[in-house]
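Report on one structure; see the data block that follows.
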Amino acid sequence: MNARLDLFGNKTALAFLKHINMAGKAVSGSGLPAATQELVKIRASQINGCGFCTDMHTKDAAAAGESSVRLNLIAAWREATVFTDAERAALELTEEGTRIADAAGGVPDEVWAKAAEHYDEEQLVALVGLIAVINTYNRLNVLVQQPAGDYKPGMFG
């Protein structure tokens, strides 16, 4: 399978990706726990059907020490006992923020309130920014049908 566009060999695509990467770095350097960041990236990527990002972020999380049990249960986080209440709140906000078009009125106040119980304002800004950035990457990769499976942890950083 080949991508519809060469995102890594096109001047405009590389300039665009550079700016998205800079936004992502602002979030990665925040006080939002690294494990939570990976869970959010994986869950949004699963929902959006982005194989490239799902491949990348599950491999990065595993390389950072995330357990296979937790990685395998992200899509079923509501029934899984392996996530903290804070992680559950982040995953719920991720789902609502990713499926924003499906919910008239956007993210429900109750979902926001749960997240605000576990994260301070800086972490909430990081969480919202992360959800926006990963959804941007997901849409980009799905649009161009970026193939998945060949990612090696750290190959872009």
Side-chain angles (χ1 to χ4, degrees), residues 1-66 68 70-77 86-87 89-108 111-112 115-116 119-157:
M1 171 186 232
N2 292 317
R4 291 173 171 160
L5 295 171
D6 180 4
L7 296 178
F8 305 110
N10 177 283
K11 183 176 122 182
T12 302
L14 287 171
F16 182 73
L17 292 172
K18 177 182 173 185
H19 291 289
I20 299 171
N21 286 339
M22 298 226 358
K25 285 182 188 204
V27 172
S28 65
S30 72
L32 188 64
T36 301
Q37 290 183 42
E38 290 302 327
L39 294 175
V40 165
K41 292 178 211 174
I42 295 164
R43 186 62 191 127
S45 300
Q46 290 171 334
I47 292 167
N48 288 320
C50 183
F52 186 82
C53 289
T54 301
D55 179 43
M56 175 189 294
H57 297 297
T58 54
K59 288 175 179 174
D60 283 346
E66 188 61 77
S68 60
R70 284 170 43 97
L71 290 173
N72 291 332
L73 288 172
I74 293 170
W77 65 267
E87 290 168 337
L91 288 165
E92 186 172 22
L93 185 62
T94 300
E95 287 191 1
E96 293 294 332
T98 298
R99 294 183 168 134
I100 204 163
D102 298 338
V107 175
V111 172
W112 183 263
Y119 301 102
D120 63 25
E121 187 170 304
E122 284 298 313
Q123 291 170 319
L124 286 169
V125 168
L127 186 55
V128 168
L130 179 60
I131 293 166
V133 167
I134 193 60
N135 273 279
T136 299
Y137 269 119
N138 292 162
R139 281 154 176 75
L140 180 67
N141 287 315
V142 169
L143 278 166
V144 302
Q145 294 182 343
Q146 191 67 38
D150 295 330
Y151 178 79
K152 305 269 187 287
M155 76 186 259
F156 294 126

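Just so it is clear, the model here is predicted, and its values are computed rather than measured.
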For L71 and A62, work out which heavy atoms get closest and say how close. CD1-CB, 3.9 Å

Inter-residue atom distance R43.CZ - E92.CD, 0.5 Å rounding: 11.5 Å

From T36 atom OG1 to K41 atom NZ, the distance as rounded to the nearest 0.5 Å: 11.5 Å

If I compare all heavy atoms of G106 with all of I100, which pair ends up nearest, and what's the gap? CA-CG1, 4.1 Å

Using 0.5 Å steps for rounding, measure from the OG1 atom of T58 to the CD atom of E38. 9.0 Å

Is the shortest heavy-atom distance from the side chain of L39 to the side chain of R70 under 4.5 Å? yes

Donor-acceptor pairs are to be reported for all side-chain atoms of residues 136-144 against protein atoms at under 3.5 Å, with residues two or more places apart or in another chain.
from : atom 1 : to   : atom 2 : distance (Å)
T136 : OG1    : A132 : O      : 2.9
Y137 : OH     : N21  : OD1    : 2.1
N138 : OD1    : S45  : N      : 3.4
N138 : OD1    : N48  : ND2    : 2.8
N138 : ND2    : S45  : OG     : 3.0
N138 : ND2    : I134 : O      : 3.3
R139 : NH1    : N135 : O      : 3.4
R139 : NH1    : N135 : OD1    : 2.7
N141 : ND2    : Y137 : O      : 3.1

What distance separates M22 CE from I20 CD1, expressed to the nearest 0.5 Å? 12.5 Å

In this structure, CG of L93 is separated from CD1 of I131 (nearest 0.5 Å) by 4.0 Å

Can you find a pair of side-chain heavy atoms, one from P33 and one from Q123, that are under 4.5 Å apart? yes

Got a sec: does the CZ of F16 have more than 12 other heavy atoms crowding it under 6.0 Å? no

Is there a donor-acceptor pair closer than 3.5 Å between any side-chain N or O of Q37 and the backbone N or O of L32? yes

Where is the tightest heavy-atom contact between T98 and A44, given as atom of each residue plus distance? OG1-CB, 3.6 Å

Approximate separation, where rounding is to 0.5 Å, of F156 CZ and D60 CG: 10.0 Å

So which heavy atom on Q146 is nearest to which on L5, and how close? OE1-O, 4.3 Å

With no hydrogens and no angle check, is any side-chain donor or acceptor of Y151 less than 3.5 Å from a backbone partner on T54? no

For the residue pair Y119 and A90, what are the closest heavy atoms and their distance? OH-CB, 3.6 Å

Counting only N and O atoms by type, is there a donor-acceptor contact under 3.5 Å from the side chain of K59 to the main-chain atoms of G154? no

Quick check: closest heavy atoms across V40 and L127, and the distance to 0.1 Å? CG2-CD1, 3.7 Å

